[in-house]
Amino acid sequence: MNLFADIRALTLDAIDGLVRDGALPEGLDVANVTVEPPRDAAHGDMATNAAMVLAKPAGRKPRDIAEALAARLAADPRIRTAEIAGPGFLNLRLAPAIWQDVVGAVLAAGTAFGRSGLGAGSRVNVEYVSANPTGPLHVGHTRGAVFGDALAALLEFSGHDVTREYVINDGGSQIDTLARSVYLRYLEAHGRDVAFPDGVYPGDYLVPVGVALKEQVGADYVDRPEDVWLAPIRDFATDAMMGLIRADLLRLGVEMDVFFSEKSLYGTGRIEAAIEALRAKGLIYRGTLEPPKGKLPEDWEAREQTLFRSTEYGDDVDRPIQKSDGSWTYFAPDIAYHHDKVERGFDQLINVFGADHGGYVKRMKAAVAALTDGRVPLDIKLTQLVRLTRDGEELKMSKRAGTFVTLADVIEMVGADVTRFVMLTRKNDAPLDFDVSKVLEQSKDNPVYYVQYAHARVMSVLRKAGAAGIDVTDESLRMAELARLDHPAEQALAAKLAEWPRLVEIAARTHEPHRIAFYLYDLASGLHALWNRGHDEPNLRFLQDDPDASRAKIALARAVSIVIAGGLGILGVEPANEMR
RNA sequence: GGGCCCAUAGCUCAGCUGGAUAGAGCAGCCGACUUCUAAUCGGCAGGUCGAGGGUUCGAAUCCUUCUGGGCCCGCCA
């Protein structure tokens, strides 16, 4: 149930009625007619802009349309009053029974309340994390992981068929670097004194990999030339790194459906096939790029390369797909990878990248648009940097020195739930400050605890009520006399619950899971407020002497906890039953 | 030189793809624990929505120019 959608449908019906009566012309575009909660609750429960939107195309004054519309809407039993305000807003107040129905609907649906068929089962591929398999995940990856995972859950909740995917960049030269680094650790495991020159990964996390390699192959690679050991160590090291990464993801509660190996595309003709598909459209050619404007690389010289005409699809320059030695650039297998995703039948692709990949967005979109003739949309979400601090002091990370704050470190310090929630309390395209001491603070300064506390309070009420002999199962609470929820403060909280399905739709449509976190904070605030009003107004307490009144109020509280639990579920956070 | 993102209260940020008097939290001030855990709540104060121009019934939101910050810019992925 989505109350706002219902009332919007009612409004559109009323408009149709006015058209039939000849009060409005036919063929009006109603796409911009909205029904939403008014900014100021004093204006009513819902507001529609219909009269203003239709005024110009209909050639009538907004207030005239509003009056006619108000008369029709007021005839519906759900509508208590319809008032014209401001330039032509129609403010609606709903019958109290509507809010009571919302509570009943939440209890009936459980955490599925707010699920929708918006996606109509369309198949969405969400690619995220996809960190190079050269080391453990660090904080930057964590944000992408949390964001992608919440987005995937959100889309699933909204009726999409979602595949969570990680592409392993195991085909590039960084894997050679990894293999050489592991080789040095392997020699070290054999008691050799080794130096770590520039251009290899110095991190300690490779020490056990070197030891493991020694255990597997003994001294077979010692003092042997690179062409003997490079290829096998590449595979060995990649597997080891993916083992680390999977373990890291597990710590965070992220489970991928598909790990896709980039290397698996090589030698199969699939890269060539994807490029041929573009060539058939006349988008591949030999050419020489203009030198980049501004500061010129010192070793710049013009070279003829194989280029993709990405400018046809909105890119700024055409992009090379082959290096001058004839080998592929990273772009070519990536085109093939996206070609593969399209061929697997996805209706929509979403990639979550770090902000440093911003320059890559246009060419990737161009490639997908070219491959599918614009049929399959690709949305690329960039997550901005995380600035990790402790007591306001920055925890510096340097990948070069091999000292970086890992995902495992962060989880160790604050836990997965806190990490996930906090990282979702910011828009993906805004930088994020993450203070490991502050996020553990147990105060309303800290949104995680604030929301958790609201849930725990409800659980506490249920425990107390249960101890007092009240049946507090959801089945039983559904049968409560919800008509007793007649206080405006209670109806306001129920109204907040009614916004949940609408909010989920907006968040899913815009691919913005952070809206869930902000809504939950808002909902928690509503519960805390009502709770505290109980201090001065005992009739607003959830536990009453009259068991029937009590059950109705507990039903409301329980409905709030259900929506909080459902929302936290989308974010991948466990609701707390008590605070310690 | 070009591209992408960002700029909203002293601070950290929301703001429903164009709606009404722009909202939270923190910090500041005042108030509420014989209660369903005060890890909470109520109130006060705080704004030329970076600047200018444009689009229209209506702009923080869309277009444009500028200013300031972040990321990126052919053989790394």
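Proteins come first, then strands; the chains are lettered A, B, ... in the order of their sequence lines, and each starts at number 1.
- Here the rule is salt bridge (Lys or Arg N to Asp or Glu O under 4.0 Å) with Asp433(A), and of Arg426(A), Lys438(A), Arg387(A), Arg390(A) only Arg387(A) fits it.
- Along RNA chain B, the nucleotide nearest to Gln305(A) and the one nearest to Thr510(A) differ in position, and the one closer to the 5' end is contacted by Thr510(A).
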Discussion item. Quick one, Tyr337(A) with Phe260(A), criterion ring pair (Phe, Tyr, Trp, His ring centres under 6.0 Å). Give me CA distance, side-chain angles, the key distance, then yes/no.
Written reply: CA-CA 9 Å; Tyr337(A) 169 54; Phe260(A) 189 97; 4.7 Å; yes
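- Within 4.0 Å (heavy atoms only), Glu499(A) reaches no atom of the nucleic acid at all.
- The shortest distance between the side-chain N/O atoms of Tyr453(A) and the OP1/OP2 oxygens of A38(B) is below 4.0 Å.
- Side-chain N/O atoms of Lys464(A) include none lying less than 4.0 angstrom from OP1 or OP2 on U35(B).
- Relative to the side chain of Ile506(A), the nucleotides C57(B), C76(B), C16(B) differ in distance, and C16(B) lies closest.
- Here C4(B) is the nucleotide among C4(B), A32(B), C57(B) with the atom lying nearest to any side-chain atom of Lys362(A).
- Residue Tyr521(A) and nucleotide A24(B) are not classified as a stacked aromatic pair, given the requirement of ring centres less than 5.5 Å apart at an interplanar angle below 30°.
- Rounded to a whole Å, the CG atom of Leu289(A) is 12 Å from the C1' atom of C73(B).
- Using a 4.0 Å heavy-atom cutoff across all strands shown, His528(A) reaches sugar-phosphate atoms only and no base atom.
- To the nearest 0.5 Å, atom CD1 of residue Ile275(A) and atom CD1 of residue Ile321(A) are 4.0 Å apart.
- For Phe518(A), the listed nucleotide lying nearest its side chain is A14(B); candidates were A14(B), C36(B), C5(B).
- OP1 and OP2 of G74(B) both lie 4.0 Å or more from every side-chain N or O belonging to Lys323(A).
- Relative to the ring axis of Phe4(A), Arg502(A) places its NZ or CZ within 45° and under 6.0 Å from the centre.
- Residue contacts shown for Pro62(A) are absent, as no nucleic acid heavy atom lies under 4.0 Å away.
- OP1 and OP2 of C36(B) both lie 4.0 Å or more from every side-chain N or O belonging to Ser460(A).
- Note on Ala529(A): only backbone sugar-phosphate atoms sit closer than 4.0 angstrom, heavy atoms only; bases stay farther off.
- Contact between the side-chain N/O atoms of Tyr360(A) and the OP1/OP2 oxygens of C5(B) is not found at any separation under 4.0 Å.
- In summary, Asp316(A) and Lys362(A) engage in a salt bridge, as defined by a charged side-chain N under 4.0 Å from a carboxylate O.
- Residue contacts for Gly358(A): at a heavy-atom cut-off of 4.0 Å it reaches no nucleic acid atom on any strand shown.
- Nearest nucleotide to the His43(A) side chain, out of A38(B), U17(B), A20(B): A20(B).
- Across all strands shown, Asp316(A) has heavy atoms under 4.0 Å from sugar-phosphate atoms exclusively, and none from any base.
- For Lys427(A), a side-chain nitrogen or oxygen approaches OP1 or OP2 of A14(B) to under 4.0 Å.
- Within the nucleic acid shown, Ala47(A) comes within 4.0 Å of at least one base atom, counting heavy atoms only.
- Taken together, the paired segments of RNA chain B that extend over three or more consecutive Watson-Crick or G-U pairs, each closer than 3.5 Å at both contacts, are B:1-7 with B:67-73, B:10-13 with B:23-26, B:28-32 with B:40-44, B:50-54 with B:62-66.
- His357(A) comes within 4.0 angstrom of a base, heavy atoms only.
- Nearest to the side chain of Asp356(A), among C71(B), A20(B), C5(B), sits C71(B).
- Within the nucleic acid shown, Leu543(A) comes within 4.0 Å of at least one base atom, counting heavy atoms only.
- Contact annotation: Arg541(A) does not reach the phosphate of C36(B) (side-chain N/O to OP1 or OP2, under 4.0 Å).
- The separation between Arg533(A) atom CZ and U35(B) atom P is 21 Å, rounded to whole Å.
- Within 4.0 Å (heavy atoms only), Arg457(A) reaches sugar-phosphate atoms of the nucleic acid but no base atom.
- Taking 4.0 angstrom as the limit, Trp531(A) places none of its side-chain polar atoms (N or O) nearer than this to OP1 or OP2 of U37(B).
- The side chain of Asp429(A) has C6(B) as its nearest neighbour among A39(B), C6(B), A77(B).
- In this structure, CD of Glu512(A) is placed 11 Å from C1' of G15(B), rounded to the nearest angstrom.
- Note on Ser173(A): only backbone sugar-phosphate atoms sit closer than 4.0 angstrom, heavy atoms only; bases stay farther off.
- Within the 4.0 angstrom heavy-atom criterion, no nucleotide atom of any strand lies near Asp522(A).
- Taking only side-chain atoms of Arg426(A), from C-beta outward, the nucleotide of U40(B), A77(B), A14(B) with the closest atom is A14(B).
- Of the candidates Val461(A), Leu485(A), Asp548(A), Leu485(A) is the only one forming a side chain to side chain contact (heavy atoms under 4.5 Å, CB included) with Lys553(A).
- Residue Asn32(A) contributes atom CG, which lies 14 Å from atom P of C57(B) at whole-angstrom precision.
- Ring-plane geometry between His141(A) and His138(A) is classed as tilted, the angle between the planes lying from 30 to 60 degrees on a 0 to 90 degree scale.
- Arg515(A) has a side-chain polar atom (N or O) that falls below the 4.0 Å cut-off from OP1 or OP2 of G15(B).
- Taking atom OH of residue Tyr166(A) and atom C1' of nucleotide A77(B), one finds them 12 Å apart after rounding to whole Å.
- When the nucleotides G25(B), C57(B), A39(B) are ranked by their closest atom to the side chain of Met52(A), C57(B) comes out on top.
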